[in-house]
S.K.: 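Have a look at this one before I ask anything.
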Amino acid sequence: MGERELAQINVGRLRAPEGDPQVADFFENLDRINAIAESSDGFIWRLVDEDGADATGITVGGDPLSLLNMSVWRDAASLAAYVYRTDHAEVMRERARFFEPHEGPFQALWFIEAGHRPTPQEGLAKLAHLREHGPTEAAFTFASASRFGA
């Protein structure tokens with residue numbers, strides 16, 4: 001493999017549909033949090049839907065409450081800096097307020113060839129691999145990333 005980048009997917013099922021007051025704070029902050037990601041050191045790409053703003057129009061299994069997010073980063077350190085040391089961390093702490101509890105991993109990381117942009121199907125397959133096999137070089141977690149050179 002030549003140059004590589006780090007892809008990530010995370011999924012969640014909303015507690016209520018967009019427009020419901022229970023998830024209003026999540027949607028009101030989405031553009032701001034996406035802008036922080038895009039301006040973060042190491043950010044390369046994020047999945048957007050046909051409107052080009054965010055990926056909330058892309059659902060998991062056709063369930064309008066099941067959302068996914070995907071992005072590509074230079075490395076795990078730059079992704080972790082965004083996730084845990086920007087305003088995104090506050091949103092993560094509120095995850096349970098907006099999303100139903102999730103059994104097993106809801107996020108997977110994996111390496112891709114530089115320039116490749118993963119599809120939702122690819123990301124969901126990586127998440128399924130992680131759930132079935134645990135962390136491997138094919139799909140891993142933040143906690144196991146250093147074992148795989150991330």
Side-chain angles (χ1 to χ4, degrees), residues 1 4-34 36-38 40 42-49 53-113 116-150:
M1 179 185 257
R4 65 185 189 178
E5 298 168 341
L6 184 74
Q8 75 80 31
I9 184 170
N10 64 76
V11 299
R13 187 166 196 283
L14 289 167
R15 291 186 176 276
E18 185 173 2
D20 188 290
Q22 187 173 2
V23 294
D25 286 348
F26 172 80
F27 285 99
E28 287 170 9
N29 282 290
L30 198 53
D31 288 343
R32 180 177 67 86
I33 297 302
N34 285 337
I36 292 169
E38 291 175 349
S40 293
F43 172 84
I44 296 171
W45 170 88
R46 71 178 174 87
L47 180 68
V48 296
D49 60 21
D54 57 49
T56 57
I58 302 170
T59 60
V60 178
D63 178 355
L65 297 180
S66 292
L67 304 182
L68 64 88
N69 171 282
M70 293 178 62
S71 57
V72 174
W73 296 79
R74 179 182 59 228
D75 51 39
S78 54
L79 174 57
Y82 161 69
V83 170
Y84 299 113
R85 293 190 292 279
T86 68
D87 285 355
H88 181 272
E90 181 180 328
V91 173
M92 287 279 292
R93 284 190 292 276
E94 297 288 317
R95 181 177 172 86
R97 197 175 88 177
F98 306 125
F99 291 92
E100 294 178 355
H102 198 281
E103 287 197 27
F106 63 87
Q107 180 184 56
L109 310 175
W110 72 100
F111 291 113
I112 58 172
E113 189 77 30
H116 173 67
R117 300 301 167 247
T119 64
Q121 294 78 15
E122 180 182 347
L124 291 169
K126 293 295 184 176
L127 188 57
H129 180 89
L130 177 63
R131 289 177 181 157
E132 184 174 336
H133 302 285
T136 67
E137 192 163 335
F140 46 90
T141 63
F142 270 120
S144 64
S146 63
R147 292 186 359 219
F148 305 105

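Bear in mind the structure is a predicted one, so any value in this text is a computation, not a measurement.
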S.K.: Go through the structure and list residues passing side chain to side chain donor-acceptor pair (under 3.5 Å) with Glu137, not counting sequence neighbours.
M.R.: none
S.K.: State which residues pass ring pair (Phe, Tyr, Trp, His ring centres under 6.0 Å) with Trp73; sequence neighbours excluded, sorted by chain then number.
M.R.: Phe43, Tyr82
S.K.: What's the spacing between Leu67 CG and Asp49 CG if we round to 0.5 Å?
M.R.: 10.5 Å
S.K.: Once side chain to side chain contact (heavy atoms under 4.5 Å, CB included) is applied, do any residues pair with Ala81, and if so which ones, sequence neighbours excluded?
M.R.: Arg85
S.K.: List the residues meeting salt bridge (charged side-chain N to carboxylate O under 4.0 Å, His left out) with Glu38, not counting sequence neighbours, and say none if there are none.
M.R.: Arg46
S.K.: Would you mind listing every side chain to side chain donor-acceptor pair (under 3.5 Å) that reaches into residues 141-150, with sequence neighbours excluded?
M.R.: Thr141-Ser144
S.K.: Please, which pairs that meet salt bridge (Lys or Arg N to Asp or Glu O under 4.0 Å) have at least one residue in residues 95-104, sequence neighbours excluded?
M.R.: Arg13-Glu100, Asp25-Arg97, Glu94-Arg97
S.K.: Check side chain to side chain donor-acceptor pair (under 3.5 Å) between Asn29 and all other residues, then give those that pass, not counting sequence neighbours.
M.R.: Arg32
S.K.: Does Glu18 have any side chain to side chain donor-acceptor pair (under 3.5 Å) partners at least two apart in sequence or in another chain, and if so, which?
M.R.: none
S.K.: Checking Arg131 now: which residues fulfil salt bridge (charged side-chain N to carboxylate O under 4.0 Å, His left out) with it, not counting sequence neighbours?
M.R.: none
S.K.: List for me each residue that meets ring pair (Phe, Tyr, Trp, His ring centres under 6.0 Å) alongside Phe26, sequence neighbours excluded, and say none if there are none.
M.R.: Phe98, Phe99
S.K.: Taking the side chain as everything from C-beta on, heavy atoms only, tell me whether Gln8 gets closer than 4.5 Å to Lys126.
M.R.: no
S.K.: What residues form a ring pair (Phe, Tyr, Trp, His ring centres under 6.0 Å) with Phe142, not counting sequence neighbours?
M.R.: Tyr84
S.K.: Taking the inter-plane angle between the rings of His129 and His133 on a 0 to 90° scale, is it parallel (under 30°), tilted (30 to 60°) or perpendicular (over 60°)?
M.R.: tilted
S.K.: Taking only residues two or more places apart in sequence, or in another chain, which ones meet Asp75 in a side chain to side chain donor-acceptor pair (under 3.5 Å)?
M.R.: Ser78
S.K.: Could you tell me whether the side chain of Leu6 reaches within less than 4.5 Å of the side chain of Val72, counting heavy atoms only?
M.R.: no
